[in-house]
Amino acid sequence: MDPRSEVLLRQAELFQGSLLLTGLPADDLLGTLPNARGWSWHAGDFAALDTRFSGRTHFGTEAPKEDFEAAVLFLPKAKDLTDYLLNALASRLQGRELFLVGEKRAGIEAAARQLSPFGRARKLDSARHCQLWQVTVQSAPQTVELNSLAKHFEIDLQGGALKIVSLPGVFSHGRLDRGSALLLDNLDRLPTGHLLDFGCGAGVLGAAVKRRNPDMKVTMLDVDAFATASSRLTLTANGLEADVLTGDGIDAAPEHLDVILTNPPFHTGVHTDYAATENLLRKAREHLKKGGELRLVANSFLRYQPIIEQHLGVCAVMAEGNGFRIYRAKRG
Ligand SMILES: C[S@@+](CC[C@H](N)C(=O)[O-])C[C@H]1O[C@@H](n2cnc3c(N)ncnc32)[C@H](O)[C@@H]1O
């Protein structure tokens, strides 16, 4: 059981009514709280929860339509995503209870201040390196539209500026990441055909490729529904078309690809997690055509080259700068 769930269960009597567990971990909590439902935007967690507790978890960037009498938010990493989610929940909870739970190292103490617009927040418990906070919503806010919270920026590309639209919680929200920038400078000699932008975030890489090569088929994939919603907004803002998939890891990607282009994930929440990237490197071969190419940017300290060579083929460092490296490997 996730430590945050354990902290909730120390006060289980508070959570027996109709409860919305928002951003919940994929653990046993729904099995323990029979009247609770979940809301997730992480395709992997959602799939795991839905397999075990069929129909009890809602997936997407918007709160479920069904009523709930109280809600718990599991503190996400980004402050502006926390704001969006607290607003979405508090706007539905006039006179009712809103709880916030999170790990100390994730900043729960500071995040609890984000409850203050709704009423006087109280710390209910502190255990397992986590804290549980509660507020009775005295002044329910108006619902804020998710798209109104988008940040917009532009990237200079040959052929004109590319507009990027990023939603709260999306990687490198509101600015171009330095690793992604290096990859954008190294898009020459890409094979044509079908390209996968793995871990597309706000859609920077896939949209740039589609702009440069309108005849290429581009598929964008991310595990996070806020990321894929951003990628769709980015495509629309530039009048571009691509397939956008919300799914967990390379297993959710199409096969017979000509290119996998990626700035792959290496953090999940506050925990370092290379699993999705290692799985990508191990299985890229199954998703690439013979002669297809993996082109990837990573922090120079990450030792990806031997893993790529073991599973795919000869891996060259194509460029290096600002602490990042561009790797390039073809399926032999
Ligand atoms: C380093 S960011 C890159 C985002 C974007 N491509 C860019 O260059 O700005 C990595 C992305 O991988 C996504 N991601 C993390 N785990 C994933 C998984 N299991 N499957 C697919 N995408 C994942 C994250 O949500 C994040 O958007």
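Here the structure is a predicted model, which means the values were calculated and not measured. Positions are given from 1 along the sequence.
- Using modelled atom types, one side-chain atom of Asn87 and one backbone atom of Val144 make a donor-acceptor pair closer than 3.5 Å.
- Crowding of Lys283 atom NZ: a count of heavy atoms from other residues, nucleotides or ligands under 6.0 Å exceeding 12.
- Within the 3.5 Å criterion, the main-chain N or O of Pro265 finds a donor-acceptor partner in the side chain of Thr277.
- A donor-acceptor pair is defined here as one N or O able to donate and one able to accept, closer than 3.5 Å; no such pair exists between the side chain of Asn322 and the backbone of Phe324.
- Each of Asp197, Leu195, Val297 was evaluated against Leu205; a single residue qualifies, Asp197, per the side-chain contact (heavy atoms from CB on, under 4.5 Å) test.
- Using a 4.5 Å cut-off on side-chain heavy atoms (C-beta onward), Thr61 and Leu167 make no contact.
- Between Leu240 and Leu162, the closest heavy-atom pair is CD1-CD1, 4.2 Å.
- A donor atom on one side chain and an acceptor atom on the other are found under 3.5 Å apart for Ser5 and Asp27.
- Between the side chain of Ser18 and the backbone N or O of Asn35, no donor-acceptor pair lies under 3.5 Å.
- In this structure, the side chains of Phe99 and Leu14 come closer than 4.5 Å at one or more pairs of heavy atoms.
- No more than 12 heavy atoms of other residues, nucleotides or ligands shown are found within 6.0 angstrom of CD on Gln158.
- For the salt bridge (Lys or Arg N to Asp or Glu O under 4.0 Å) with Glu293, the qualifying choice from Arg189, Arg331, Lys330 is Lys330, the only one to do so.
- The local environment of CD in Glu320 is crowded, with over 12 non-hydrogen atoms from other residues, nucleotides or ligands closer than 6.0 Å.
- Both Phe266 and Ile250 sit in one connected hydrophobic cluster of ILVMFWY residues. Membership requires side-chain heavy atoms under 4.5 Å apart, directly or through other members.
- Here the straight-line distance linking atom CG of Asp251 with atom CG of Asn279 works out to 5.5 Å at 0.5 Å rounding.
- Linking Ile, Leu, Val, Met, Phe, Trp and Tyr residues whenever their side-chain heavy atoms come within less than 4.5 Å places Val244 and Met216 in a single cluster.
- The backbone N or O of Asp224 sits less than 3.5 Å from a side-chain atom of Asp222, completing a donor-acceptor pair.
- Distance check: Leu9 CG to Arg128 CZ gives 9.5 Å after rounding to the nearest 0.5 Å.
- Using bins of under 30°, 30° to 60° and over 60° for the plane-to-plane angle, the ring pair Phe46/Phe59 lands in the tilted bin.
- The only member of Arg96, Glu97, Arg122 that meets side chain to side chain donor-acceptor pair (under 3.5 Å) when paired with Thr136 is Glu97.
- In this structure, Trp39 CH2 and Leu89 CG are separated by 5.5 Å, a value rounded to the nearest 0.5 Å.
- Note: Asp243 CG to Thr228 OG1 = 12.5 Å, rounded to the nearest 0.5 Å.
- Taking the side chain as every heavy atom from C-beta outward, Trp133 and Ser126 never approach each other to under 4.5 Å.
- Summarising the local packing, NZ of Lys79 is surrounded by 12 or fewer heavy atoms from other residues, nucleotides or ligands at distances under 6.0 Å.
- The residues Lys104 and Glu109 are annotated as not salt-bridged, no charged nitrogen and carboxylate oxygen being separated by less than 4.0 angstrom.
- Side-chain contact check for Leu245 versus Pro254: some heavy-atom pair is nearer than 4.5 Å.
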Go through Thr22 and Phe74 one step at a time and tell me if the side chain to side chain contact (heavy atoms under 4.5 Å, CB included) criterion holds. CA-CA 6 Å; Thr22 305; Phe74 289 79; 5.8 Å; no

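- From Met318, atom CE reaches atom CG of Asn186 across 5.0 Å, with rounding to the nearest 0.5 Å.
- Hydrophobic cluster membership is shared by Val204 and Ile326, with clusters built from Ile, Leu, Val, Met, Phe, Trp and Tyr side chains linked at under 4.5 angstrom.
- Rounding to the nearest 0.5 angstrom, the gap separating the CD atom in Glu62 from the OG1 atom in Thr143 is 9.5 Å.
- At most 12 heavy atoms of other shown residues, nucleotides or ligands fall within 6.0 angstrom of atom CD in Gln142.
- When the salt bridge (charged side-chain N to carboxylate O under 4.0 Å, His left out) test is applied to Glu278, no partner is found at least two apart in sequence or on another chain.
- For CD of Glu66, the number of neighbouring non-hydrogen atoms (other residues, nucleotides, ligands) closer than 6.0 Å is greater than 12.
- No side-chain heavy atom of Asp80 sits under 4.5 Å from any side-chain heavy atom of Leu149.
- Counting only heavy atoms from C-beta outward, the side chains of Leu20 and Pro64 approach each other to under 4.5 Å.
- For the pair Leu288 and Ile260, the minimum side-chain heavy-atom distance is below 4.5 Å.
- Although no hydrogens or angles enter the test, the distance criterion places no donor-acceptor pair under 3.5 Å between the side chain of Arg295 and the main chain of Leu183.
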